[in-house]
Amino acid sequence: MSNDNEFTEKTENNVACFQSNAVELCPAVEKTENTLACFQSSAVELCPAVEETENTLACFQSSAVELCPAVEETENTLACFQSSAVELCPAVEETENTLACFQSSAVELCPAVEETENTLACFQSSAVELCSAVEDDVCKWKNDPCIFINKHLSPEEKRFISELGPCQPLENDLYGYQFPKNTNGRHFNEQWYFRVLPDGKKVIRDWLSYSPKLNKAFCLPCILFGSDKNISSRMSWAINGYDGWQNGRNNISAHELTTSHINSSVILKIQKTTLPILPSLEYGRKMEVATNQKVVSELIDIVIFLAQHNIAFRGHKENWSSNIKGNFKDLVILMASQSPILSSHLSLVKSKGKKVTSFITWERQNQLIDCVSQSIKCTINKEISEASFFSISIDSTFDASRTEQISFIVRYVNSTGNIFERLLALKSSAITTGKVLFNIFKSVMEENQLQWKTALVGQSYDGAGNMSGEHKGLQSRIKLENSHALFIWCHAHRLNLVVTSIISKGKDAIDMFGNLESLYAFLWTSKKRVDVFRQKQYKLYPNKQLQSVKRVATTRWMSHSVALKTIISKFEALIQTLEEIIEKEGPADVKTAATANGLISYFLSFRFVLTAFCFKILFDILDPLNKAFQESDIDLLTATDLIFSARYDLKQNRNDNIFQNTVNNAKAFINASDREFEELKQIRPIRIPRKHDQNGKCSDNPIIDPLLKMKVETFNVILDTTLSTLESRFNDEHIGILRDISLFSKKRIEEININVNKFPIDGFNVFCSTYTIISQEDLKTEYLQFVKIFKILNNNIDLPHALHQTHNFDEDEKLTSSSSDEELPTKRKQEMQNAGSINHVFKVFCAANMNSVFPNLYIAFKITVTLPVSSASTERSFSRLKLLKTRLRTSISQNRLENLLIISCENDIVVDKDEVVKKFAIKSKVLTKLLTL
């Protein structure tokens with residue numbers, strides 16, 4: 001650097017001198033402009049020996065990097081440029097006016113480049129250094145106004161620019177050691193940075209900012225806070241900049257006196273004054289928002305807990321002075337003892353009352369409930385959208401306030417093959433005609449943005465005319481606009497109609513269920529009698545759970561079975577209860593004594609016991625069927641197979657051996673009791689008189705044997721009526737599509753894999769005509785290919801489970817030896833449902849990720865498992881509704897009721913609390929300010 005200083009001392013001027021020497025050395029270059037581009041052009045003309053040189057800056061930069069390792073530690077600034085200029089100037093003082101001399105001088109200036117192939121590359125390298133020096137000289141000013149003028153600046157950006165201050169370079173800091181001149185030969189003066197006050201004191205203008213790139217002056221406060229930015233003139237110090245250097249001092253002084261400049265300067269000074277406390281204020285703001293979000297997050301947990309457990313939120317009196325403030329407030333107080341943040345918010349609300357925003361008021365409760373419910377509904381709608389297809393189940397009921405509530409359940413399947421039935425909405429309507437229900441249905445679909453005209457593939461309701469009517473019912477109105485929305489009558493409701501028709505067939509059935517209903521009315525109308533029955537159970541069955549007498553005259557599914565099993569299991573306690581009632585209440589109330597005596601006489605009869613065991617056989621077959629129909633993941637084919645299996649079992653039980661086993665079981669039950677039972681009475685035959693037109697005696701042969709009479713008139717009638725009713729209720733109205741769907745079962749897949757000829761010629765004809773989005777030929781092709789690989793895929797899925805579980809081979813041998821092919825459907829009904837259903841095959845399909853390989857088959861599987869079987873989920877939602885809307889909560893609003901019911905029913909959906917906080921924050925401007933930055 002000492003050599004550089006010596007050269008600098010001898011140099012009369014800056015880069016202009018270097019350019020002047022270059023011109024003298026190159027007389028062939030006439031009228032060279034005083035710019036870097038002209039300098040580079042002259043260099044090219046002076047080097048004719050270098051042929052085909054590319055005239056681009058990239059080539060220059062590449063040569064500079066390779067040829068000038070000596071400039072490794074030189075700063076990439078104007079000093080570097082000056083250093084290069086100084087080294088070049090003394091070297092070319094004595095050169096001749098030829099190119100060879102100039103090149104020789106250039107070689108002498110670069111001793112570090114020993115093996116360079118030509119000298120032009122070195123000269124070009126120097127030119128590139130000059131260019132980069134100019135660029136770096138411009139880019140080094142971080143507060144150059146050209147960077148941020150005419151831009152929308154955030155408060156943080158304005159703060160950062162004000163901290164940098166104005167851009168005020170001096171002449172020595174610029175390229176060429178002077179400010180650039182305009183067309184009139186005028187330039188900016190660095191003395192303008194200063195202002196002389198009236199007292200003669202010289203102060204710096206901290207608002208004046210010069211742009212080296214634009215060669216214009218700007219007012220920094222006006223740029224940041226000025227109000228006259230829309231004025232388009234030369235004197236606009238915030239947009240166009242000032243470059244009228246002729247009267248520069250006067251114009252600058254005039255701008256200082258303008259109102260907009262003074263206001264902008266005042267704002268800037270105030271901001272700089274308050275700048276040290278802004279970070280602490282911002283930190284405090286962030287901590288306040290984080291604290292509020294934490295408080296709301298804990299309140300969300302309380303809301304979810306109360307809603308999922310169907311617990312009331314509000315109390316009768318919720319004042320802070322009350323002992324009981326309602327479940328919500330009391331739970332907040334309880335959690336505040338373990339949460340400092342919640343405790344702080346609670347203390348603040350107690351001390352300041354309405355002066356601060358409280359998150360625990362009744363209005364905030366409703367908003368939180370709504371936000372949680374909306375989050376769950378968004379999750380459901382997202383899953384439905386990903387599933388592409390869905391089905392609907394709708395039912396209605398009266399609530400505690402005698403309001404008709406309509407429940408909407410959607411059924412869909414996810415990408416892993418799992419079936420879900422979710423509560424979508426709960427609406428109220430005083431009128432439930434088909435037309436009104438259809439309008440409500442459309443509004444629910446629009447509210448949830450569901451494309452029901454294309455994505456709805458099935459619908460399931462009970463047998464009510466407004467739902468299932470063929471002409472004006474809801475299902476027919478939907479099918480008019482969506483022909484592939486297949487209607488399926490709820491299997492569980494149909495089975496309940498089957499059972500209802502059975503109990504009224506035959507004198508023995510009517511007497512038994514009539515007496516069971518009379519027993520319920522007799523015992524349950526008196527708390528003393530109920531207590532006696534419980535005490536007898538405590539005494540006779542000390543280690544068993546208490547049971548109450550059930551009624552049978554309700555629409556509750558399989559209530560007849562439950563009522564009968566309760567009487568059989570608690571028979572001795574029931575008889576002792578009736579005897580104690582006669583003993584204690586009989587002398588004062590002969591009617592009560594007579595009723596109890598009549599019930600005892602009936603229950604202590606062989607007729608009742610045998611009738612009960614006959615129905616027990618029937619209920620043992622129908623109970624599993626009823627429970628299977630209520631499962632949410634059962635598919636249509638499995639339901640059909642279970643019906644066929646039940647019919648098969650009924651036919652197998654209709655024989656003399658089964659009836660004799662039933663008689664033996666009834667006698668064993670009687671023998672286990674110490675009481676005497678009335679035997680079956682042999683009825684004296686009634687002789688039927690002969691008519692005048694009959695020849696001979698009447699050929700009527702009445703049944704004299706009472707046991708045979710029970711078999712014919714009770715046992716056989718029960719089974720025959722059940723079989724005929726099952727066939728009429730489940731009449732296979734969709735036999736065509738069921739036949740196509742059956743091809744997806746594991747059994748049919750294995751059969752067709754063994755023999756392809758078993759695949760029907762018209763396979764998938766009805767299915768594809770119903771769901772036209774699937775090509776029948778493509779579906780056939782994909783199905784036959786999938787059949788060949790299903791066994792391999794199934795084994796791959798089952799193998800890990802088989803390797804990690806113990807197996808009892810003795811039980812397998814017993815099952816194989818004792819079970820015939822005819823007994824298999826009854827004994828392994830559950831195995832058939834799990835492994836032989838379409839859902840199992842579809843899960844294997846999804847686990848193997850075959851949706852991209854067989855797209856048509858994938859869609860067919862999804863539609864099949866999406867088809868509804870029953871509307872049992874709507875009944876479950878009504879059970880939750882009864883727990884939620886009790887006689888003490890009849891004034892609850894419909895919107896709040898719907899939100900609470902959704903949270904209660906869909907409690908397996910994980911609620912994203914951050915998303916709920918965001919939804920809660922936009923409920924009002926106050927909440928937005930408290931919960932968002």
Side-chain angles (χ1 to χ4, degrees), residues 495 497-513 558 560-561 564-565 568 605-628 640-672 677 679-683 700-732 814-833:
L495 184 62
L497 293 176
V498 171
V499 177
T500 304
S501 64
I502 296 170
I503 63 173
S504 60
K505 297 294 182 181
K507 182 177 180 299
D508 294 327
I510 295 174
D511 288 347
M512 185 180 71
F513 289 107
M558 303 306 294
H560 306 83
S561 174
L564 182 59
K565 289 180 179 179
I568 294 176
S605 65
F606 184 73
R607 174 170 170 254
F608 161 73
V609 176
L610 184 57
T611 305
F613 275 87
C614 290
F615 272 95
K616 185 176 181 300
I617 293 177
L618 176 65
F619 291 147
D620 288 342
I621 297 173
L622 298 184
D623 277 352
L625 188 62
N626 178 69
K627 292 179 180 179
T640 305
D641 290 341
L642 289 176
I643 293 171
F644 278 110
S645 178
R647 291 165 60 181
Y648 173 85
D649 292 342
L650 290 171
K651 292 178 181 179
Q652 293 296 315
N653 280 280
R654 195 188 184 284
N655 59 61
D656 295 341
N657 294 331
I658 298 298
F659 177 74
Q660 187 60 44
N661 292 336
T662 304
V663 173
N664 295 336
N665 293 333
K667 291 181 179 180
F669 177 83
I670 292 174
N671 294 333
F677 286 77
E679 296 291 336
L680 292 176
K681 295 182 180 180
Q682 186 172 357
I683 301 175
D700 183 26
N701 296 319
I703 301 176
I704 300 176
D705 186 3
L707 199 58
L708 180 60
K709 186 178 181 65
M710 284 285 296
K711 174 186 174 182
V712 174
E713 297 182 357
T714 302
F715 183 76
N716 290 345
V717 169
I718 291 173
L719 298 179
D720 293 341
T721 304
T722 306
L723 280 170
S724 61
T725 311
L726 279 176
E727 292 177 359
S728 61
R729 293 293 182 184
F730 301 92
N731 55 2
D732 300 333
K814 293 178 181 179
L815 180 63
T816 305
S817 60
S818 61
S819 301
S820 62
D821 294 338
E822 294 180 349
E823 295 173 341
L824 192 61
T826 303
K827 293 190 175 183
R828 300 190 62 183
K829 191 175 300 182
Q830 189 66 31
E831 288 82 352
M832 179 192 66
Q833 180 178 348

(request) Under the salt bridge (Lys or Arg N to Asp or Glu O under 4.0 Å) rule, collect the residues that match up with Arg607, sequence neighbours excluded. (result) Asp508, Asp511

(message) Can you confirm if the aromatic rings of Phe677 and Phe606 lie within a centre distance of less than 6.0 Å?
(response) no

(request) Verify whether the ring centers belonging to Phe513 and Phe615 lie closer than 6.0 Å. (result) yes

[atom1] of [X] to [atom2] of [Y]: how many Å apart, nearest 0.5 Å?
X: Met558; Y: His560; atom1: CE; atom2: NE2; result: 9.0 Å
X: Gln652; Y: Ile658; atom1: CD; atom2: CD1; result: 8.5 Å
X: Leu622; Y: Ser561; atom1: CG; atom2: OG; result: 8.5 Å
X: Ile502; Y: Leu719; atom1: CD1; atom2: CG; result: 9.0 Å
X: Phe659; Y: Ile617; atom1: CZ; atom2: CD1; result: 9.5 Å
X: Leu650; Y: Thr722; atom1: CG; atom2: OG1; result: 6.0 Å

If we only count heavy atoms from C-beta on, is the [X] to [Y] side-chain gap below 4.5 Å?
X: Phe619; Y: Val499; value: yes
X: Asn653; Y: Ile621; value: yes
X: Val717; Y: Thr721; value: yes
X: Phe613; Y: Asn661; value: no

Under the 3.5 angstrom rule, does the side chain of [X] hit a backbone N or O of [Y] as a donor-acceptor pair?
X: Asn716; Y: Glu713; result: no
X: Ser724; Y: Asp720; result: yes
X: Ser501; Y: Val498; result: yes
X: Asn671; Y: Lys667; result: yes

(message) Tell me every residue that passes side chain to side chain donor-acceptor pair (under 3.5 Å) with Gln660, counting only those two or more places apart in sequence or in another chain.
(response) Asn664

For [X] and [Y], work out which heavy atoms get closest and say how close.
X: Cys614; Y: Ile718; result: CB-CD1, 4.2 Å
X: Met512; Y: Thr611; result: SD-CG2, 3.8 Å
X: Leu680; Y: Pro706; result: CB-CB, 3.7 Å
X: Phe669; Y: Ile568; result: CE1-O, 3.9 Å
X: Thr662; Y: Phe715; result: OG1-CE1, 4.3 Å

(request) Please say which of Thr725, Thr500, Leu726, Ile643 ends up in a side-chain contact (heavy atoms from CB on, under 4.5 Å) with Leu495. (result) Leu726

(request) Dump the intermediate steps for side chain to side chain contact (heavy atoms under 4.5 Å, CB included) on Val663 and Leu610, then the final yes or no. (result) CA-CA 6 Å; Val663 173; Leu610 184 57; 3.9 Å; yes

(request) Look at Arg647 together with Glu727 and state whether they make a salt bridge at an N to O cut-off of under 4.0 Å. (result) yes

(request) Look at Asp623 together with Lys627 and state whether they make a salt bridge at an N to O cut-off of under 4.0 Å. (result) no

